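Notes follow the structure.
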Amino acid sequence: MLKQRIENIVRDALAKSLEQGKLGQLETLPDSVAVDLPKNPEHGDKAISIAMKLSKEAKIAPRMIAEAIAAELGSEIFSKVDIAGPGFINLTLNWDLLEESIAEIFSLDLDYGRIAKNDRADKSFETVIVEYVSANPTGDLHLGHGRQAVLGSALVDLLRWAGYDASSEFYINDAGVQMGKLAASARQAILIKAGELEESGYDAENNYPLAAMKEILFDEKWQAIDNQDLSSVTADDCGKIAKEIFLESQKEILKVAGTEFECWYSELENLHQGETTKVDAICQKMLEAGIAYENEGALWFKATEFGDERDRVLRKTDGYYTYLAADLAYHQDKLSRSDKLINLWGADHHGQIPGVMGALEALGEDPKRLEIVLMQMVSLTKGGEEVKMSKRTGNFVTVRELIEEVGVDAFRYFLLESQPNNRIVFDLELATKQDKDNPVYYVQYAHARCCGILRNLTEKQVDQTELPGNTLAVADGIMTEAELDHYFKAFTSATGLYSRAFANLNPEQHKSTKALILALLNFPEEVKDAAASYSPYKIANYIKELAALFHQFYTHNRVINDDAELMKARISLVAASQKVLRNGLGILGITAPERM
RNA sequence: GCGCCAGUAGCUCAGCUGGAUAGAGCAACUGCCUUCUAAGUAGUAGGUCAUAGGUUCGAAUCCUAUCUGGCGUACCA
């Protein structure tokens with residue numbers, strides 16, 4: 001990786017300067033050396049600010065440190081080394097190095113940007129389970145779930161790219177109060193359908209909206225009870241069927257949304273089965289460890305001793321376990337299967353964090369193994385007015401409806417581009433426009449443009465110089481496919497092509513070419529960074545930026561032209577751009593169209 | 001009240017492990033299609049980075065306080 005290489009060279013230079021006593025009173029070398037992309041391209045290709053950072057400890061002026069380092073940098077891969085401002089070291093990379101680095105994109109191709117397992121940023125874990133959505137199987141998925149779905153699936157892919165063994169998991173919350181409510185709702189709806197109950201008799205106060213129940217009554221799964229006497233059909237029977245229907249519907253729409261789960265973990269089947277259930281076991285364990293106690297018929301976790309603001313109930317006076325108790329059993333189960341856990345939660349659940357973290361710590365687990373990513377709400381506006389969503393009244397926009405309106409790519413991009421900490425205001429009018437205002441097209445178009453150029457190199461072109469009376473002339477492609485293929489295969493090491501081809505660029509061409517190359521070479525670093533903070537949105541930002549740089553390059557640099565070397569050098573950048581955009585979009589689960 | 005999150009251009013948001021002149025997109029205005037897709041691009045205009053202090057060579061970024069908004073504060077999930 002380019003950045004790593006530069007970092008090593010700077011580190012060596014730093015070590016030599018230290019040996020020679022040029023670093024004042026500095027005694028030890030810093031752990032890391034930041035290699036940045038300067039904001040202003042006139043400041044070179046890479047910038048290093050380490051001299052300023054060391055100046056205090058060394059007790060000498062930053063420029064003196066910078067000069068000492070610069071003197072040891074050598075000229076092998078840098079065509080220019082400048083010291084500027086208070087003590088920045090600005091590096092200009094030579095064309096051969098850039099050519100060599102771009103060639104790496106060709107040899108790695110589909111895997112360019114992928115971090116090897118041994119190079120992963122955080123060595124404290126290798127396997128990681130990302131749990132997300134985890135909705136109750138009692139209705140359709142709403143936009144909040146949608147946000148979790150796209151972020152979670154992108155995060156799993158991102159983590160895999162960054163060298164981790166990641167898997168996705170959906171916790172099916174199919175036990176407890178909500179399921180009882182679903183069962184009652186379903187049974188009453190069935191009775192209404194059979195004419196044995198008046199609609200006015202529906203317990204709308206305590207049940208799910210009747211309208212939502214009616215919608216699932218036509219599912220063929222109800223055949224199971226069709227021939228039975230309804231008086232012998234229990235609410236439980238109905239609840240099971242309703243749950244299956246909702247679960248299947250959720251699975252289907254999640255798949256449409258580009259989200260796959262390795263594991264569907266049923267709370268009911270995994271945590272509440274057997275003589276001694278997993279939940280029983282964990283409560284027993286907590287009692288024995290003295291971190292739980294009985295009081296007024298309920299079982300409490302001593303959460304206050306572990307950082308929470310109050311103690312938490314594990315088992316209610318009615319004998320049922322709380323969500324927390326089951327969740328703890330679930331987390332312990334996950335911890336036995338993976339080094340690291342990441343949970344995606346709606347921000348409205350943040351109050352539970354101290355309880356879960358505290359309990360895991362109390363149980364002797366390392367709380368650092370659990371990372372909880374909070375996602376703020378998604379709200380809807382239509383023409384500037386907020387659309388109130390309420391599950392109770394059935395007035396909410398579902399994932400299904402939105403995808404139908406805007407398409408999966410736009411849906412994913414909209415929900416992925418901003419960071420989880422920010423609320424998303426989803427403008428229905430804007431999203432349904434489905435035109436160029438939609439940012440996803442900007443990135444996809446850049447990719448399609450790359451493909452178009454590569455296609456034009458080999459495809460037969462219609463010559464547009466149409467003369468009156470003449471038929472259209474058809475010109476052969478510039479290269480045959482075999483030639484292009486051969487060229488790509490040969491492009492695996494520096495041959496001095498860039499230094500010859502890019503020698504006489506005008507300022508705009510030089511600037512746009514350089515900027516594109518540097519951005520392309522930064523991709524692996526972007527993957528590493530984004531994964532380290534569990535932030536797929538950073539990849540979305542990066543590819544948007546890359547798309548912009550490609551469009552600028554395209555505007556200033558005619559790819560197909562008479563200068564064979566210049567053309568080849570530019571083709572390599574078009575092909576490299578195509579590969580990086582494709583890989584980046586792939587991480588986000590967004591398609592990379594070849595034509596638009 | 002207490003806790004969490006946010007406040008950057010008219011709107012939607014980047015930039016936040018401190019770095020050089022705070023950036024995009026949309027909206028407004030002016031240009032660029034007989035040449036690889038104009039779903040593009042070049043430019044103009046638009047900012048007390050919520051406010052006030054502090055930390056230091058340097059703060060949108062870190063600390064403290066205040067203001068505004070969202071969320072949470074259950075023997076619900």
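Computed from a predicted structure; not experimentally measured. Per chain, numbering begins at 1; letters A, B, ... match sequence-line order.
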Sugar-phosphate only, base, or nothing, as touched by Q444(A) at under 4.0 Å among non-hydrogen atoms: nothing
Sugar-phosphate, base or nothing in reach of A34(A), heavy atoms under 4.0 Å: nothing
Presence of N136(A) side-chain N/O under 4.0 Å of A77(B) phosphate oxygens OP1/OP2: no
From A42(B), C76(B), C71(B), nucleotide with atom closest to D348(A) side chain: C71(B)
Sugar-phosphate only, base, or nothing, as touched by A61(A) at under 4.0 Å among non-hydrogen atoms: nothing
Sugar-phosphate, base or nothing in reach of Q352(A), heavy atoms under 4.0 Å: base
Sub-6.0 Å ring centroid separation between F550(A) and H447(A): no
Test of ring centre spacing under 6.0 Å for F170(A) and Y132(A): no
Ring-on-base stacking G25(B) with Y442(A) (under 5.5 Å, under 30°): no
Atom of A347(A), atom of Q376(A) and distance for their closest heavy-atom approach: CB-NE2, 3.5 Å
A74(B) phosphate, OP1 or OP2, under 4.0 Å from R312(A) side-chain N/O: no
S134(A) and N173(A): side chain donor to acceptor below 3.5 Å: no
Residue mapping more 5' on RNA chain B - nearest nucleotide basis, A547(A) or S49(A): S49(A)
Distance-only donor-acceptor test (3.5 Å): side chain N90(A), base A20(B): yes
Interatomic distance, K53(A) NZ vs A20(B) P [rounded to whole Å]: 11 Å
Pairwise C1' distance, U12(B) and A27(B) [rounded to whole Å]: 11 Å
Sugar-phosphate, base or nothing in reach of K544(A), heavy atoms under 4.0 Å: nothing
Gap between atoms OH and C1', on Y323(A) and C76(B) respectively (whole Å): 11 Å
A38(B) phosphate, OP1 or OP2, under 4.0 Å from Y554(A) side-chain N/O: yes
Touch class at under 4.0 angstrom, heavy-atom based, for A446(A) against every strand present: nothing
Sugar-phosphate only, base, or nothing, as touched by R595(A) at under 4.0 Å among non-hydrogen atoms: base
Note: K538(A)-D529(A) ion pair, threshold 4.0 Å (strictly below): no
Touch class at under 4.0 angstrom, heavy-atom based, for R449(A) against every strand present: sugar-phosphate
Pairwise P distance, A45(B) and G72(B) [rounded to whole Å]: 45 Å
N or O in side chain of Q419(A) less than 4.0 angstrom from A14(B) OP1/OP2: yes
No-hydrogen, no-angle side-chain donor-acceptor test under 3.5 Å, Y542(A) and E525(A): no
Sugar-phosphate only, base, or nothing, as touched by N422(A) at under 4.0 Å among non-hydrogen atoms: sugar-phosphate
For Y320(A), all residues meeting ring-ring contact (aromatic ring centres under 6.0 Å, His included), sequence neighbours excluded: none
Integer-rounded Å distance: U41(B) C1' and H556(A) NE2: 7 Å
Nearest-Å distance once atom C1' is located in both G70(B) and A50(B): 16 Å
Position toward the 5' end of RNA chain B (nearest nucleotide), I424(A) or H551(A): I424(A)
C1' atoms of C49(B) and A9(B), separation to the nearest Å: 10 Å
Sugar-phosphate only, base, or nothing, as touched by D174(A) at under 4.0 Å among non-hydrogen atoms: nothing
Centroid under 5.5 Å and tilt under 30°, H349(A) to G72(B): no
Sugar-phosphate, base or nothing in reach of T317(A), heavy atoms under 4.0 Å: base
Nearest listed nucleotide, side chain of Y537(A), among A38(B), G15(B), A39(B): G15(B)
Rounded C1' spacing from A22(B) to G46(B) in Å: 14 Å
Geometric cation-pi criterion K316(A) and Y321(A), 6.0 Å radius, 45° cone: no
Dot-bracket notation for RNA chain B, counting Watson-Crick and G-U pairs under 3.5 Å, with | for partners on another strand: (((((((..((((.....[...)))).(((((.......))))).....(((((..]....))))))))))))....
Check ion pair E131(A)-K334(A) (N to O, under 4.0 angstrom): yes
